[in-house]
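What follows is a set of notes on a single structure, which appears directly below.
Count residues from 1 along the sequence. Just so it is clear, the model here is predicted, and its values are computed rather than measured.
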Amino acid sequence: MNGGSLPDPFAGHSEWTPEPPRPVVPTPATMGGQLRGRRVIVGLPGHGWRGDLRADEKVVQGSRTYVPVMSEGEWYRAEAEQTEVFAPLVPVERVWVEEYGMAGAIASSPDVMSRLVSLDEPPRREPVASLDAGSFTGRRVVQLLEDGGERRDLRAVTELHTNQDGDICARVAHELDWYRWGWSGRAPRTLEVPVHLLWIE
């Protein structure tokens with residue numbers, strides 16, 4: 001940078017304003033459906049929540065139903081290398097599945113009162129535009145496609161920066177490659193995505 005103003009990330013895109021991606025809406029695992037490979041959140045109402053987990057299919061032991069749950073990195077490694085991993089059994093009533101809600105306008109929430117949530121269930125998570133996201137590297141991201149679709153299961157591998165053409169962008173990698181980087185040391189292939197097409201999930 002040589003002291004000039006930052007480039008406009010929406011320059012050349014005045015005819016197309018992308019809709020934000022769909023929010024993450026936690027749904028009780030007790031509501032049924034296939035769970036293998038699904039992103040889940042576990043926890044206790046009034047106590048707290050843990051995410052970045054994946055589930056396997058429910059199992060029944062005695063009169064109780066459980067969900068095998070493992071860290072996302074372990075799940076990716078097990079799938080990629082076809083190995084068995086330890087998956088603690090979590091009572092099904094303590095598991096919520098990450099579903100996607102309806103896309104729409106996102107209201108800004110400048111005051112703390114409008115951001116308060118109930119502790120009865122994990123909170124709905126609205127996407128955040130990349131320009132408003134603060135730190136970026138390692139976070140789950142959504143790439144908006146120009147046909148209106150979404151590409152998920154991505155991780156940011158850089159912060160926002162300007163590329164050789166002066167465009168604001170970030171580099172992203174598929175989550176499998178992101179996690180493989182951790183267990184093998186092999187750097188992932190990355191894709192450069194313009195800032196106006198990138199949201200934090």
Side-chain angles (χ1 to χ4, degrees), residues 1-25 37-39 41 50-54 70-82 98-110 115 123-201:
M1 300 289 281
N2 55 10
S5 62
L6 287 174
D8 179 358
F10 295 97
H13 300 279
S14 59
E15 75 287 350
W16 180 68
T17 303
E19 291 290 320
R22 295 168 294 164
V24 173
V25 181
R38 300 290 304 275
R39 273 200 171 104
I41 299 166
R50 179 160 183 229
D52 286 337
L53 302 169
R54 296 275 181 158
M70 66 201 79
S71 72
E72 204 163 55
E74 286 292 299
W75 181 80
Y76 274 114
R77 188 170 190 174
E79 291 294 304
E81 299 185 350
Q82 294 298 297
E98 290 193 10
E99 303 278 4
Y100 297 117
M102 298 291 292
I106 297 177
S108 60
S109 302
R115 300 198 332 257
R124 171 186 172 109
R125 198 168 63 244
E126 298 290 347
V128 178
S130 54
L131 286 175
D132 300 326
S135 66
F136 214 66
T137 304
R139 297 180 71 180
R140 285 166 47 176
V141 294
V142 182
Q143 178 189 0
L144 297 181
L145 306 176
E146 299 209 11
D147 65 2
E150 302 170 352
R151 181 175 293 139
R152 295 191 183 245
D153 293 339
L154 301 171
R155 294 274 178 164
V157 297
T158 69
E159 298 296 317
L160 295 177
H161 59 276
T162 53
N163 65 12
Q164 292 180 340
D165 299 322
D167 299 322
I168 300 176
C169 59
R171 298 198 74 83
V172 303
H174 290 285
E175 269 194 336
L176 170 58
D177 294 333
W178 166 260
Y179 282 111
R180 183 183 282 127
W181 194 8
W183 81 69
S184 74
R186 188 169 73 199
R189 291 188 305 168
T190 63
L191 173 68
E192 187 177 87
V193 181
V195 68
H196 69 284
L197 298 178
L198 205 54
W199 290 68
I200 295 292
E201 185 176 273

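- By the salt bridge (charged side-chain N to carboxylate O under 4.0 Å, His left out) test, Arg125 pairs with Glu98, sequence neighbours left out.
- Asp167 is not listed as a side-chain neighbour of Pro194, based on a closest heavy-atom distance of 4.5 Å or more.
- Each salt bridge (charged side-chain N to carboxylate O under 4.0 Å, His left out) pair with one or both residues in residues 192-201, not counting sequence neighbours, appears once here: Arg39-Glu201, Arg140-Glu201, Arg152-Glu201, Arg171-Glu192.
- You'll find the side chain of Tyr179 reaches within 4.5 Å of the side chain of Arg155, heavy atoms only.
- Scanning all heavy atoms of the two residues, the minimum distance from Gly134 to Glu159 falls at O-OE1, 4.0 Å.
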Inset, instruction - Evaluate side chain to side chain contact (heavy atoms under 4.5 Å, CB included) for Leu160 paired with Leu131, printing each intermediate quantity in order. - result: CA-CA 8 Å; Leu160 295 177; Leu131 286 175; 4.1 Å; yes
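- Nearest heavy atom pair, residue Val142 against residue Pro21, reads CG1-CB, 3.8 Å.
- Residues Glu81 and Trp183 share a closest heavy-atom pair of OE2-NE1, 3.0 Å.
- The environment of Arg50 atom CZ is sparse: at most 12 non-hydrogen atoms of other residues, nucleotides or ligands sit within 6.0 angstrom.
- In this structure, CG on Leu197 lies 9.0 Å from OG on Ser130, to the nearest 0.5 angstrom.
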Inset, instruction - Using the side chain to side chain contact (heavy atoms under 4.5 Å, CB included) rule, take Val24 and Tyr100 through it: C-alpha gap first, then chi angles, then the decisive distance, then the call. - result: CA-CA 5 Å; Val24 173; Tyr100 297 117; 4.0 Å; yes
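- Taking CG of Leu191 as the reference point, atom CG of Asp177 lies at 11.5 Å (rounded to 0.5 Å).
- Annotation: ring-ring contact (aromatic ring centres under 6.0 Å, His included) contacts involving residues 129-178, sequence neighbours excluded, comprise Trp178-Trp181.
- Side-chain atoms of Glu72 and Leu53, non-hydrogen and from C-beta on, never get closer than 4.5 Å to each other.
- Closest heavy-atom contact between Ala133 and Ile200: CB-CG1, 3.3 Å.
- When all heavy atoms are compared, the tightest approach of Val193 to Gln143 is CG1-CG, 3.8 Å.
- Once rounded to the nearest 0.5 Å, the distance linking CG of Asn163 with OG1 of Thr158 reads 10.5 Å.
- Interatomic distance, Leu154 CG to Glu175 CD, rounded to the nearest 0.5 Å: 7.5 Å.
- In this structure the side chain of Arg54 never reaches within 4.5 angstrom of the side chain of Glu74, judged on heavy atoms.
- Taking every heavy atom of both residues into account, Trp199 and Pro20 meet most closely at CH2-CB, 3.4 Å.
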